Amino acid sequence: MKILIADDHRLVIEAVKAKLSELEPGIEFVLVMSVDELLAGATDDLDLALIDLNMPGADGQAHIDEIRRRHPAVPVIVLSGYEDPAIMRAALERGVLGFIPKAYSPEVMLSAVRLVLAGGVYVPPMMLTALPPGIVAGVAPQADAARAPGAPAASQTLEHLRNVLTERQVEVLQLLSQGKPNKLIGRSLGISEGTVKIHLAAIFRALNVRNRTEAVVAAQALTEAQA
């Protein structure tokens with residue numbers, strides 16, 4: 001396994017490297033501390049890239065865009081000191097597969113990395129809880145306890161979910177509400193069936209549902225609430 005770590009603090013790099021070494025023996029690490037070093041050190045054979053947003057040479061998230069353009073097959077996770085849900089959402093919309101705030105514990109980081117390496121998308125809980133009152137985020141409000149499994153609060157509309165889902169995930173959700181299977185969703189959006197499954201996993205977490213059946217119920221209720 002080959003992993004790139006990009007951060008402008010050597011202590012952070014070494015701490016992340018030490019924790020990720022628990023993934024498996026013999027990991028090859030590429031360590032960079034600036035955007036120039038990042039662009040020079042990134043290669044198509046990377047299994048994962050963890051990239052900080054704020055380091056020398058960075059212009060917003062332009063370096064994330066450039067890495068995604070040059071190496072589209074490399075899974076990218078943002079590791080950042082920022083905890084603003086809008087910044088997290090902007091990163092996920094760029095195609096990164098996870099956003100890990102540096103305030104999180106090393107164990108959470110390791111779990112998030114394992115999820116991404118397994119083909120999932122890591123969405124930080126603070127992003128899912130940054131919702132208007134009445135939106136289900138992990139635990140349903142007590143007033144909504146009697147609703148059917150998978151059904152969201154009445155105020156949980158598609159517009160609200162745009163705060164926690166990327167635009168592409170909203171599109172997947174809308175097609176899901178029409179009862180389309182993964183293959184047709186992928187064909188409609190011009191993406192692979194595997195990518196559809198990745199988006200669905202993130203949607204399941206945001207809707208607080210356990211499977212596709214509950215997601216369909218929730219999506220249909222959301223569509224009705226938005227109408």
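Quick caveat, the model's predicted, so the values are computed rather than measured.
- Note: Met88 CE to Ser80 OG = 8.0 Å, rounded to the nearest 0.5 Å.
- A salt bridge between Asp7 and Lys102 is present, with a side-chain N of the basic residue lying under 4.0 Å from a carboxylate O of the acidic one.
- Note on Glu193 versus Arg187: no salt bridge recorded, every NZ/NE/NH1/NH2 to OD/OE distance being 4.0 Å or above.
- Separation of atoms CZ (Arg114) and OH (Tyr122) is listed at 14.0 Å; rounding is to 0.5 Å.
- Taking every heavy atom of both residues into account, Gln61 and Leu53 meet most closely at CG-CD2, 3.9 Å.
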Where do Leu46 and Asp44 land on the side chain to side chain contact (heavy atoms under 4.5 Å, CB included) test, with the steps shown first? CA-CA 6 Å; Leu46 289 170; Asp44 286 336; over 6 Å; no

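- With contacts defined as side-chain heavy-atom distances shorter than 4.5 Å, the pair Met1/Leu117 qualifies.
- Side-chain contact between Ile27 and Glu24 is present, with heavy atoms from C-beta onward closer than 4.5 Å.
- Between the side chain of Thr195 and the main chain of Ile191, no donor-acceptor pair closer than 3.5 Å is present.
- Side-chain atoms of Leu20 and Phe29, non-hydrogen and from C-beta on, do get closer than 4.5 Å to each other.
- Between Leu50 and Leu4, the closest side-chain pair of non-hydrogen atoms is not below 4.5 Å.
- Interatomic distance, NZ of Lys17 versus NZ of Lys19, reported as 16.0 Å (0.5 Å rounding).
- With a 4.5 Å cut-off on side-chain heavy atoms, Ile51 and Leu38 count as touching.
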Evaluate the criterion side chain to side chain contact (heavy atoms under 4.5 Å, CB included) for residue pair Met55 and Met33; output intermediate values, then yes/no. CA-CA 7 Å; Met55 57 183 179; Met33 299 184 67; over 6 Å; no

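- Looking at heavy atoms from C-beta onward, Phe99 lies out of side-chain contact with Ile77 at the 4.5 angstrom threshold.
- The two residues Glu83 and Ala103 make their nearest non-hydrogen contact at OE2-CB, 3.1 Å.
- Side-chain atoms of Arg68 come within 3.5 Å of backbone N or O of Arg94 as a donor-acceptor pair.
- Judged by distance alone, the side chain of His63 and the main-chain N or O of Asp52 form a donor-acceptor pair under 3.5 Å.
- Within a 6.0 Å radius of NZ in Lys183, other residues, nucleotides and ligands contribute 12 heavy atoms or fewer.
- No side-chain heavy atom of Leu200 sits under 4.5 Å from any side-chain heavy atom of Ile198.
- If you take NE2 on His199 and CG on Leu92, they are separated by 10.5 Å, rounding to the nearest 0.5 Å.
- Once rounded to the nearest 0.5 Å, the distance linking CG of Leu110 with OG of Ser105 reads 9.5 Å.
- Residues Asn54 and Asp8 approach most closely at O-OD1, 3.6 Å, considering heavy atoms.
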After noting the C-alpha distance and the side-chain angles of Leu23 and Ile3, does the key distance pass the side chain to side chain contact (heavy atoms under 4.5 Å, CB included) rule? CA-CA 11 Å; Leu23 288 169; Ile3 298 177; 3.9 Å; yes

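- For the pair Ile100/Val78, no side-chain contact is recorded, criterion being any heavy-atom separation below 4.5 Å from C-beta on.
- Across Leu39 and Glu66, no two heavy atoms sit closer than the pair CD2-CG, 3.7 Å.
- A donor-acceptor contact closer than 3.5 angstrom links the side chains of Asp45 and Thr43.
- Rounded to the nearest 0.5 Å, atoms CD (Glu28) and CG (Asp47) are 9.5 Å apart.
- Contact record, Pro75 with Val116: CB-CG1, 4.1 Å, taken as the closest heavy-atom pair.
- Between the side chain of Glu14 and the backbone N or O of Arg10 there is no donor-acceptor pair closer than 3.5 Å.
- The two residues Val35 and Ala58 come nearest to each other via the heavy atoms CG2-N, 3.4 Å.
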